[in-house]
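The model shown is predicted, which means the values in this text are computed figures rather than measured ones. Indexing begins at 1, ligand by ligand and atom by atom, following the structure's order.
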Amino acid sequence: MAKGNSISIPKNGLSKEEIFAQITHFQEKDIDWKNGKFFGYVFYPGQEIYDIIQEAYKMYMSANGLNPAAFPGLRKMETDVVSIAANLFHGNEATTGVMTSGGTESIMMALLSAREYAKKIMKIEGVPEVILPESVHPAFNKACHFFGLKEVIIPVKDDFRADVQAIEKAITKNTVLLVGSAPQYPQGVIDPIEEIAALAKQKNLLCHVDACVGGFMLPFLEKSGVTLPIWDFRVDGVTSISADLHKYGYAAKGASLIMYKNSDIRKQQFYIKTDWMGGIYGSPSFAGTRPGGAIAAAWATLHAIGEEGYVNMVHETYQATQKLIQGIRAYPELQVFGEPNATLFSFGSNKLDIQTIGDELAELGWYINRQTEPPGLHCFVTHHHVDKVQVFLDDLAVAVKKAKSFSLENIKKDIQVGAVKQINKLLPKPLFEKLTKLAGQGGGGAESKRKAAMYGMMGELKGTGTLEEMVLKFVDELNSPEQNQK
Ligand SMILES: *Cc1c(COP(=O)(O)O)cnc(C)c1O
């Protein structure tokens, strides 16, 4: 299938004009995120700040954070960013942290530290166990997979928050870490961190709060006057926090933080090799070479926006979110899931096919993330959406109307899904080829009908053991050259 590898390095270098002509051409296929009709992936603070971030990134793009002694300037910026976060999260003099490449790396570091802590400090002899509400980001499952930890998954309650009683019941002699999110991604609700942390403290366990989304949003939302449950180092028992600068911090990509209550826990994530032929090697996180640009850009973003700036941005974003939620709740057919605490939420429908609504929104130029458990559409509202609220609600009205009248499409889709279920039993392999091709074309717009069918099928195939294979193949294709040339 893969004809890949058809592109070789050019014999001679191209001119600057040729390079940018090509990149500009490639970019035409990407989402046009500056138009604000998308949710997730990009956090845009406006052109003025954006230019500053870009400039700071450029100044440090070749500097390597692996060796702080060689780049004391970079080290200063990283320790400043860590201090700023420690203060925002109400830590004390002992609070410490490390910048990482993103939320996933921050979470992995927290779980690696927990594993080492389990072995060295708690002297757990079996496989250390981590208790995860099912709403946590897949980075936790990924970390358990990478580090050989046992994941113990706990269902959430009807309000989508972690079930503390269920967590308590799941604790065994091998448990090392309890986890909560502030807020969790799927429905944007904050887990009962105070209760989870109290439990951890009572049982002498570690407690990680995933504030990848909330870290640089909740503190400012609270300062703007919104009442929120507390989730940070004010909560006794919280031992680590992950927080993404490249989400609501509005920094350039590749910037997140793993923060620890004290350096005894932090040092569990460091890796040192003293007898390497290349000399003594020490590394604070997953990465070896650490891109200086992301660190400098994060420092610049925090200083360019400032506390008042973040408070104003999040205040406006929160109001926009409330208007969106009210607008969606005005339809009896639509339901916003749970009671979202902040600026992200998702919604579904008990009457209409929500994936069809997603497709209609895609036809109108929106890029919106799909969820399957329960079926829904996810809105990651940022400051860039503040003046797009009415446009979204107008487009939603069109989409709902179409979804109501699209019974024929729905019947067709049901037949398709039914057929797939049948064929799947007989001919799994060729079917996957077809399905993944179909899915690979689904970039919204004219192809979006197929996307609805795709999601329908994924839902139907769930539990048959084939969904995982299908997604694996899909991801493999997406990361192969042929796909990119389409
Ligand atoms: C985005 C996100 C992460 C992972 O962050 P990446 O930067 O994408 O690796 C972790 N937790 C939550 C709640 C998130 O939304």
Side-chain angles (χ1 to χ4, degrees), residues 33 38-43 81 85 89 97-112 114 130 132-146 151 153 156 160-162 177-193 196 207-219 221 228-229 231-232 238 240-259 285-287 290-291 294-295 297-298 301 317 321 337-338 340-346 368-371 373 376-382 475:
W33 52 263
F38 71 95
F39 290 107
Y41 303 114
V42 180
F43 292 74
V81 171
F89 306 163
V98 174
M99 279 187 76
T100 70
S101 62
T104 299
E105 188 183 351
S106 296
I107 290 165
M108 294 194 113
M109 290 300 98
L111 269 69
L112 176 64
V130 177
L132 303 174
E134 60 179 335
S135 55
V136 296
H137 190 277
F140 287 92
N141 313 92
K142 187 174 175 181
C144 288
H145 174 63
F146 276 32
E151 53 176 40
I153 298 174
V156 295
F160 300 100
R161 293 185 162 89
L177 176 75
L178 307 186
V179 174
S181 306
Q184 42 93 298
Y185 169 90
Q187 290 82 24
V189 299
I190 300 177
D191 283 329
I193 303 298
I196 297 173
C207 175
H208 181 78
V209 176
D210 183 17
C212 277
V213 168
F216 289 87
M217 179 251 280
L218 298 176
L221 192 56
L228 295 168
W231 57 273
D232 57 14
V238 169
S240 57
I241 294 176
S242 45
D244 285 354
L245 291 145
H246 64 202
K247 282 187 183 141
Y248 285 105
Y250 291 93
K253 289 286 185 289
S256 173
L257 282 160
I258 174 66
M259 300 294 295
S285 58
F286 215 114
R290 300 166 71 225
I295 296 172
T301 316
T317 310
T321 310
F337 296 131
N341 288 98
T343 54
L344 62 160
F345 65 91
S346 60
I368 188 161
N369 278 313
R370 318 292 184 110
Q371 296 182 171
E373 303 261 325
L377 301 175
H378 190 268
C379 296
F380 218 141
V381 189
T382 71
V475 172

State, without any angle test, whether Tyr248 and Thr317 hold a side-chain donor-acceptor pair at a distance under 3.5 Å. no
Which residue owns the protein heavy atom closest to atom 6 (P) of ligand 1, what's the atom, and how far is it? Gly103 N, 3.5 Å
Please check if the distance between the ring centroids of Tyr41 and Phe380 is under 6.0 Å. no
To the nearest 0.5 Å, how far apart are CD1 in Ile241 and SG in Cys207? 9.0 Å
Do Thr100 and Ser285 have side-chain N/O donor and acceptor atoms under 3.5 Å apart? no
Who's the nearest protein heavy-atom neighbour of atom 15 (O) of ligand 1, and how far? Val213 CG2, 2.9 Å
Considering distance alone, does some N or O of Gln184 sit under 3.5 Å from an N or O of ligand 1? no
Ligand 1 contact by Val136, heavy-atom criterion under 4.0 angstrom: no
Check: of Lys247, Lys142, Glu105, Met108, min heavy-atom distance to atom 2 (C) of ligand 1 comes from Lys247
Rounded distance [0.5 Å steps], NE2 in His137 versus CD in Gln184: 11.5 Å
Enumerate the atoms of ligand 1 whose separation from the nearest heavy atom of Tyr185 is less than 4.0 angstrom. 15 (O)
If you count the atoms of ligand 1 from 1 in the order shown, which ones are under 4.0 Å from a heavy atom of Asp210? 10 (C), 11 (N), 12 (C), 13 (C)
For Leu132 and Asn141, what are the C-alpha separation, side-chain angles and deciding distance, and is it a side chain to side chain contact (heavy atoms under 4.5 Å, CB included)? CA-CA 9 Å; Leu132 303 174; Asn141 313 92; 4.0 Å; yes
Only heavy atoms of Gly102, strictly under 4.0 Å: list the atoms of ligand 1 that pass. 7 (O)
Give yes if a backbone or side-chain nitrogen or oxygen of Asp244 is under 3.5 Å from a nitrogen or oxygen of ligand 1, and no if not. yes
In this structure, which one of His208, Met259, Met109, Met108 forms a side-chain contact (heavy atoms from CB on, under 4.5 Å) with Ser242? His208
